[in-house]
Structures are given as structure tokens and as C-alpha cells.
Novice: 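One structure is given below, represented as C-alpha cells, and several questions about it will come after.
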Amino acid sequence: MRVIDFRKEPTSDGARVVARVIWEDVDRPPQDVFVAVRSPFDTDLAASTSFPLTAVAWPAYRAGERRVVVEGAVCPRLRDGLLTVLRVLADWYPPPTNTRARRTLPTIDATAGLSVAVPPAARRTGMFLSGGVDSLDLLLENRATFPPDHPLAVRDAYFVHGLDIGSPSQAPRTAFFERARAALAPVCIARGVTLVPVATNVRTLDPDGKSWPAAWFGPGTVALAHAFGARLTDVLFAASLDIEHLGPVGSHPMTDPYLSSGALAVHHEGVHRSRLAKLGRVAADPLALAALRVCWQEIDVEGPLNCGRCRKCVRVMLGLEAFGLLAAAPTFPRHEVTMADLEVCTVDAHMFHFYEELLEPLDRRGRRDLADGLRARLAAFAGGLPSRGAGPWARMQRRLRRLSGRP
């Protein structure tokens with residue numbers, strides 16, 4: 001793979017940085033990958049190679065490219081960090097045996113050699129804000145912890161179109177993005193944080209879309225922060241899993257910090273807090289609750305921000321029900337959870353603890369029906385796991401037996 005013609009160019013309402021990606025070992029046409037932003041934030045885009053390199057590294061490996069050659073200079077800290085991240089992700093997510101994807105890492109080279117990236121003179125911290133539980137909790141936690149003038153106090157929140165809200169080129173999805181952005185604005189204004197809308201097409205580097213949800217969303221998202229090298233020195237990425245339940249996932253405390261360059265430090269935040277604890281903080285803040293968007297479904301662009309039917313929606317609705325705050329959540333179309341809703345609650349190794357932590361709060365809330373329904377689903381999953389040995393599977397079974405009152 002070659003990454004060439006990196007440039008910054010004006011758009012109708014701002015500017016974008018673009019790089020041309022040329023595939024060498026797989027039969028794909030050349031494509032442009034971009035990050036776009038509106039005025040007045042267009043002056044913050046930096047013409048460095050760190051954005052496209054971070055974006056293409058995993059797709060290049062997964063597609064079977066033998067090398068990544070970047071036109072220009074590359075920061076050695078970022079190059080070495082990306083090779084570390086690729087090694088970890090390749091161990092967690094090896095390519096299917098029936099594809100051309102290589103099991104050896106691509107080399108990373110630069111036509112102008114190595115040059116350590118230099119940060120802006122003034123330190124400034126940003127974060128990615130999707131409107132989900134993890135990122136809203138991170139915003140609330142950061143602004144409650146750091147004084148406004150502290151270098152690690154979040155000053156910019158980046159809300160990205162092109163990751164979970166479809167393509168920026170699709171008019172209906174653009175309208176939905178604008179509604180979601182409007183919902184996030186009040187919670188940012190109340191915390192003195194600038195909400196920065198961003199558009200990108202980085203997900204097109206993984207054309208079948210199978211790698212993004214688990215393996216690649218960390219590097220693919222952090223790549224965008226590198227495009228704002230004229231503004232940011234630090235960027236926060238909200239943890240998806242808590243420390244007790246860490247496992248293979250594309251954003252991880254063992255990988256995210258290695259996506260840093262000499263100019264930008266990447267911080268993996270919130271790993272000490274459970275998802276339920278995060279939801280409790282968000283639900284207790286009316287502005288955050290009014291912006292809560294967890295759904296990735298193709299929902300009605302004129303309706304609520306969440307469909308209220310998919311697995312993610314039902315899981316969060318169960319948590320809100322456990323706190324007695326579902327009726328206060330305006331971004332969901334329904335304010336009740338029934339036993340029929342549990343049909344979408346499929347359990348796997350990744351989802352096990354998200355459901356497990358709901359059991360006791362639902363019991364206390366008087367929703368024993370929902371708690372027992374989840375227990376049955378957890379039991380069915382745990383029953384299919386090995387009955388002996390150590391490791392996460394055995395721990396799941398022991399926890400389930402304890403919760404079920406069995407020895």
C-alpha cells in the first residue's frame with residue numbers, strides 16, 4: 001500500500017485533509033480517505049502524515065498488504081506504536097484462513113524518513129463524544145475532576161459523522177447527525193466544552209465492514225485526532241470495558257496509548273468504572289440523559305435518537321429501568337421494558353458481564369421478572385462452556401452459580 005498526495009483543501013463550509021490510498025497486493029481501486037470540518041475549526045486541521053498512517057495500518061494488514069509506504073516523513077513514536085498495536089490486534093483477531101490476508105505484519109516506511117512530530121505550543125485536551133454511555137460519562141467525569149484551566153480538562157468534544165451514523169454523503173443520515181449534534185450541544189455548553197462536528201470516510205478502508213465493530217474502531221477513530229495536530233496535544237478515548245472484564249477489543253488500555261505520536265498523547269479513560277456505574281452518572285444528569293444515543297440501527301431519521309428495539313437499546317433501557325429513570329429518558333420511544341424485549345438479549349463472552357451487573361439492581365427495583373429472564377439467558381450461555389479449568393469461562397460459571405444461589 002502507498003499513501004500519497006496528502007493535502008489540505010477547502011470545502012463549501014470549511015476544509016478537509018485528504019490522502020490517496022493505493023492498494024498494491026489486493027485488487028481494490030485507489031481511494032481518498034479524508035477528515036472534514038466546518039469553519040471556524042478548519043484552521044485546526046494539520047497537514048501531517050499521522051492521520052492517514054493511523055487510519056490505514058489495520059486495514060492494510062487485514063487485506064494482506066505487505067507494506068505501507070507513506071509519502072513524506074513519519075513520526076517514529078507513532079510508527080513503533082502502530083507496529084505494537086498491530087501485533088496485539090493481529091493476535092486477538094487473526095484473519096480468516098480462507099482469505100488472502102497475511103499473518104505477518106506489514107512494514108511501515110516513509111519516503112522522507114523519520115521525523116518526531118512536534119506538538120502545538122499551548123496544551124489543549126479533546127475527546128471523542130458519540131452520545132453513548134461511555135463518552136458521556138467521560139465528559140461528566142472529566143469536567144467534575146479537573147479545573148477548567150487544567151491542561152487535561154476537556155475543552156473540545158469531537159462528534160464524528162461517518163463512524164456509526166452512516167456515510168456523510170447520505171442526506172437522511174446527515175439530517176439525523178444534525179439532530180444528534182443538537183442534542184449534545186446543551187451538555188457541552190453547560191460544561192464549557194466546544195462541540196466540534198467532524199466528517200470522515202475512514203470506514204471505507206474496510207469495505208466489508210466486519211472488522212470495525214470489534215477490532216479497528218480504536219485506531220480508526222484516534223486517527224482523526226491526529227488530523228487536528230494544530231489544535232490538540234492530548235485526546236481522551238472512553239473505555240468500553242472495565243478493568244475486571246477486559247478482553248480483546250479494538251480500544252484497550254494496552255493499545256490506545258500506543259497510538260500516540262510526538263505531538264499527540266492518547267489517553268484511555270474510565271476503565272476503572274463499570275458500564276452500570278457510568279449509566280447511573282449519565283442518567284442522573286438531565287442534559288446528558290436528553291442526549292443519550294446508543295443505537296446503531298437504521299432508525300427513523302425523524303423519530304427518537306434510539307430505536308428502542310435492538311440489543312444495545314434494550315440493554316440500556318434495562319439499566320435505566322433499574323435506576324427508575326427510563327420514563328425520564330426522552331431519546332427512547334418507549335418507557336417500559338417487557339419480557340418480550342429480552343428476546344434480543346443474546347449473550348456472548350463480550351456481553352455476559354453487561355447483563356450480569358443488571359441482575360441485582362433489577363431485583364431491588366422490583367423487576368424480578370426481567371432479572372430472572374436474564375438469569376436464564378446467562379445460564380444457557382454458561383452451561384455451554386467448559387466445566388473445568390481456570391480463566392474467564394470458569395469465572396463466568398462461578399459468578400452465575402453464586403447469583404443463582406447454587407453452590
Side-chain angles (χ1 to χ4, degrees), residues 3-11 13-21 31-60 68 70-75 77-79 81-82 85 108 110 115-120 122-130 154-164 167-168 177 194-206 212 216-237 251 256 258-267:
V3 184
I4 67 171
D5 193 21
F6 186 70
R7 62 198 186 274
K8 180 179 178 178
E9 59 189 26
T11 63
D13 58 356
R16 70 176 192 166
V17 289
V18 189
R20 187 76 163 168
V21 176
Q31 62 186 108
D32 286 342
V33 59
F34 69 83
V35 178
V37 71
R38 305 167 188 173
S39 178
F41 307 109
D42 49 334
T43 59
D44 301 321
L45 289 176
S48 78
T49 58
S50 296
F51 152 61
L53 175 58
T54 307
V56 305
W58 174 258
V68 176
V70 179
E71 183 179 66
V74 165
C75 179
R77 186 183 186 202
L78 178 60
R79 180 204 60 179
L82 279 171
V85 172
I108 297 177
S115 178
V116 178
V118 179
R123 194 170 180 186
R124 189 179 184 97
T125 296
M127 65 168 289
F128 290 102
L129 181 64
S130 67
V154 168
R155 297 175 66 187
D156 300 315
Y158 292 88
F159 181 44
V160 184
H161 188 188
L163 300 185
D164 63 321
S167 170
F177 175 82
T194 301
L195 183 62
V196 183
V198 180
T200 187
N201 68 339
V202 294
R203 288 194 65 172
T204 62
L205 292 166
D206 179 33
W212 177 270
W216 182 44
F217 72 94
T221 304
V222 170
L224 310 181
H226 285 290
F228 289 88
R231 185 178 180 94
L232 291 181
T233 59
D234 299 80
V235 66
L236 312 184
F237 200 98
S251 171
D256 285 356
Y258 284 101
L259 300 172
S260 303
S261 70
L264 180 73
V266 181
H267 307 264

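Worth knowing before you read on, the calculation uses all heavy atoms, side chains too, and leaves out hydrogens, waters and symmetry mates.
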Novice: Using every non-hydrogen atom in the two residues, find where P120 and L232 come nearest and quote the distance to one decimal.
Specialist: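 Here P120 and L232 meet closest at CD-O, 3.6 Å.
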Novice: Does any non-hydrogen side-chain atom of L163 lie less than 4.5 Å from one of V202?
Specialist: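 Heavy-atom side-chain distance check passes, below 4.5 Å.
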Novice: Do P197 and R38 come close enough that some side-chain heavy atom pair is under 4.5 Å?
Specialist: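 They are in side-chain contact.
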Novice: Looking at every heavy atom in both P52 and A19, which two are closest together, and how far apart are they?
Specialist: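 Taking every non-hydrogen atom into account, CB-CB, 3.7 Å.
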Novice: Within the distance-only criterion (no hydrogens, no angle test), does the side chain of S261 pair as donor or acceptor with the backbone N or O of L264 below 3.5 angstrom?
Specialist: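 The answer is yes, because a donor-acceptor pair under 3.5 Å joins these two groups.
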Novice: Side-chain contact test, heavy atoms from C-beta onward, threshold under 4.5 Å: evaluate it for S260 versus R77 and give yes or no.
Specialist: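 Side chain of S260 against side chain of R77, heavy atoms only: contact under 4.5 Å found.
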Novice: Start with the C-alpha gap between T49 and R79, add the side-chain angles, then the distance that decides, and say whether side-chain contact (heavy atoms from CB on, under 4.5 Å) holds.
Specialist: CA-CA 11 Å; T49 58; R79 180 204 60 179; over 6 Å; no
Novice: Do you know the tightest heavy-atom contact between A57 and L82?
Specialist: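 Heavy atoms of A57 and L82 come nearest at CB-CD2, 4.2 Å.
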Novice: Nearest 0.5 Å please: distance from the CG atom of L53 over to the CG atom of L259.
Specialist: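 Atom-to-atom, L53:CG and L259:CG are 10.5 Å apart.
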Novice: Where do L224 and F51 land on the side-chain contact (heavy atoms from CB on, under 4.5 Å) test, with the steps shown first?
Specialist: CA-CA 6 Å; L224 310 181; F51 152 61; 4.1 Å; yes
Novice: For the backbone of F34 and the side chain of N201, can you confirm whether one donor and one acceptor N or O come within less than 3.5 Å of each other?
Specialist: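 Yes: the side chain of N201 pairs with the backbone of F34.
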Novice: Roughly how far, to the nearest 0.5 Å, is CG of L45 from CZ of R16?
Specialist: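 CG of L45 is found 11.5 Å from CZ of R16.
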Novice: Quick one: are V3 and V56 in side-chain contact, heavy atoms under 4.5 Å?
Specialist: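 Side chain of V3 against side chain of V56, heavy atoms only: contact under 4.5 Å found.
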Novice: Tell me the closest heavy-atom pair linking V74 and A110, and the distance in Å.
Specialist: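 Taking every non-hydrogen atom into account, CG2-CB, 3.6 Å.
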Novice: What is the minimum heavy-atom distance between T194 and R124, and which atoms define it?
Specialist: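 Heavy atoms only, the tightest pair is OG1-NH2, 4.5 Å.
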Novice: Does the side chain of L205 reach to within under 4.5 Å of the side chain of W216, using non-hydrogen atoms?
Specialist: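 L205 reaches W216 side chain to side chain.
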Novice: Roughly how far apart are T54 OG1 and L78 CG, rounded to 0.5 Å?
Specialist: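 Interatomic distance, T54 OG1 to L78 CG, rounded to 0.5 Å: 4.0 Å.
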Novice: Ignoring hydrogens, what is the shortest heavy-atom contact between S251 and F217? Give both atom names and the distance.
Specialist: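 The answer is CB-CE1, 3.5 Å.
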Novice: Does Y258, at its OH atom, have more than 12 non-hydrogen atoms belonging to other residues, nucleotides or ligands within less than 6.0 Å?
Specialist: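 Open.
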Novice: Determine the interplanar angle of the F228 and Y158 rings, folded into 0 to 90°, and report it as parallel if under 30°, tilted if 30 to 60°, perpendicular if over 60°.
Specialist: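 Answer is tilted, since the angle falls between 30° and 60°.
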Novice: H226 side chain to S48 main-chain N or O, any donor-acceptor pair under 3.5 Å?
Specialist: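 Answer holds: no.
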Novice: Is D5 salt-bridged to R20, going by a charged N under 4.0 Å from an acidic O?
Specialist: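 So D5 does not pair with R20 through a salt bridge.
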Novice: Working to the nearest 0.5 Å, report the span between CE of M127 and CG of D156.
Specialist: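 Rounded to the nearest 0.5 Å, the CE-CG separation comes to 11.0 Å.
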